[in-house]
Amino acid sequence: MTRKKVELAYITNDSARKATFKKRKKGLMKKVSELSTLCGIDACAILYSPYDSQPEVWPSPLGVQRVVARFKKMPEMEQSKKMVNQESFLRQRVAKGNEQLKKQGKDNREKEITRVMFQSLTGKDLQTLNIVDIFDLGWVIDQNLKEINKRIESLNKEAQSLAAAAGQLIIKNEGKVPMEKPAFDTMDAIQAQQWFVDLVNPNEQMGFAGDDMMLPFGDANQNAIWPNGFFP
């Protein structure tokens with residue numbers, strides 16, 4: 001639930017005014033204390049009211065005297081440089097409000113003319129517009145064209161950058177010689193084939209003068225020299 005905005009005006013009801021004063025005074029003292037503690041600055045507050053015979057000060061009378069004495073040591077121009085009273089404060093608020101109102105009016109006008117521009121694209125007649133509306137419509141169209149041209153220029157720069165990067169990558173790859181898988185040596189193939197043939201037909205390799213000169217792989221009792229399952 002949002003807090004109800006308080007109207008900045010004098011409270012005519014006595015009891016309500018007194019209750020508001022006590023509540024706001026407590027909050028003001030708390031804020032001054034927090035500001036001094038959090039930011040490490042010298043600050044003081046002096047409040048006079050018709051409800052108290054003595055003014056209420058913060059942080060103490062000595063603290064107030066010290067801050068006031070430091071303020072009086074400053075040149076008069078520096079003292080009044082950022083000083084405001086009720087009238088000047090209200091003038092600042094009014095000027096700020098006028099600036100915000102002017103800005104909001106400009107934004108609303110731009111949105112209104114932008115809507116008219118899109119409606120015209122759908123075929124709506126523009127004869128009902130006056131000379132001011134036409135000038136504003138032209139200004140909005142120019143602003144949109146500028147944004148479109150700016151976006152197109154940005155996209156073209158991005159495309160050129162990507163094309164340049166791709167070209168450099170192609171040139172770099174063209175300078176490299178692809179590594180080919182070395183061809184299988186013919187002599188190695190022949191030697192491997194002969195080794196397999198000799199392994200299958202050991203009698204042809206192991207004979208020196210005849211079959212009786214063969215070196216047997218096993219004895220007459222079929223006891224193999226290589227005792228494993230591959231050579232029974």
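Side-chain atoms of N156 and Q160 include no donor-acceptor pair closer than 3.5 Å.
Here the straight-line distance linking atom NZ of K26 with atom NZ of K31 works out to 13.5 Å at 0.5 Å rounding. Taking CH2 of W58 as the start and CG of L28 as the end, the distance is 10.5 Å to the nearest 0.5 Å. To the nearest 0.5 Å, atom NZ of residue K72 and atom CD of residue Q65 are 10.0 Å apart. Here the CG-NZ distance, from N98 to K103, works out to 15.0 Å after rounding to the nearest 0.5 Å. Residue Q143 holds its CD atom at 10.0 Å from OG1 of T114, rounded to the nearest 0.5 Å. Taking CG from N130 and CG from D133, the interatomic distance works out to 3.5 Å, rounded to the nearest 0.5 Å.
Heavy-atom contacts from other residues, nucleotides or ligands closer than 6.0 Å to CZ of R17 number more than 12. Within 6.0 Å of CE on M83 lie more than 12 heavy atoms contributed by other residues, nucleotides or ligands.
Both V116 and L145 belong to a common hydrophobic cluster when Ile, Leu, Val, Met, Phe, Trp and Tyr are linked at side-chain heavy-atom distances under 4.5 angstrom. Linking Ile, Leu, Val, Met, Phe, Trp and Tyr whenever their side-chain heavy atoms come within less than 4.5 Å leaves V132 and L137 in two separate clusters. A single hydrophobic cluster is seen to contain both L126 and M117, as judged by linkage of ILVMFWY side chains at heavy-atom distances under 4.5 Å, directly or through other members. Put simply, L121 and I113 are part of the same group of oily side chains (I, L, V, M, F, W, Y) that touch within less than 4.5 Å, one to the next. A single hydrophobic cluster is not seen to contain both V64 and V67; linkage of ILVMFWY side chains at heavy-atom distances under 4.5 Å, directly or through other members, places them apart.
Judged by distance alone, the side chain of T20 and the main-chain N or O of A16 form a donor-acceptor pair under 3.5 Å. Of the possible polar contacts, one joining the S60 side chain to the G63 backbone as a donor-acceptor pair under 3.5 Å is found. Checking side-chain atoms of S161 against main-chain N and O of K157 turns up a donor-acceptor pair under 3.5 Å. Counting only distance, with no hydrogens or angles, the side chain of S88 and the backbone of V84 share no donor-acceptor pair below 3.5 Å.
Side chains of R151 and I148 form no contact here, defined as non-hydrogen atoms less than 4.5 Å apart. K81 has its side chain within reach of E78: a pair of non-hydrogen atoms, C-beta onward, lies under 4.5 Å apart.
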Exercise. Decide side chain to side chain donor-acceptor pair (under 3.5 Å) for E153 and N149; before the verdict, give the C-alpha distance in whole Å, the side-chain angles of both, and the deciding distance to 0.1 Å.
Key: CA-CA 6 Å; E153 183 179 357; N149 292 331; over 6 Å; no
Exercise. Show your working on salt bridge (charged side-chain N to carboxylate O under 4.0 Å, His left out) between R115 and E112 and close with a plain yes or no.
Key: CA-CA 5 Å; R115 182 174 59 85; E112 179 184 358; 5.0 Å; no
Quiz prompt | Stepwise salt bridge (charged side-chain N to carboxylate O under 4.0 Å, His left out) check, K102 with D107 | solution = CA-CA 9 Å; K102 183 178 179 180; D107 293 341; over 6 Å; no
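Between M74 and Q79 the shortest heavy-atom distance is O-NE2, 2.8 Å.
By the side-chain hydrogen bond (donor to acceptor under 3.5 Å, both in side chains) test, K124 is found to be paired with Q119, residues two or more places apart in sequence or in another chain being considered. When the side-chain contact (heavy atoms from CB on, under 4.5 Å) test is applied to E87, the partners found at least two apart in sequence or on another chain are N85, R91.
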Scan the side chains in residues 40-53 for donor-acceptor partners under 3.5 Å anywhere in the protein, sequence neighbours excluded, and list what turns up.
| from | atom 1 | to | atom 2 | distance (Å) |
| --- | --- | --- | --- | --- |
| D42 | OD2 | R70 | NH1 | 2.6 |
| S49 | OG | Y51 | N | 3.4 |
| S49 | OG | D52 | N | 3.4 |
| S49 | OG | D52 | OD2 | 3.4 |

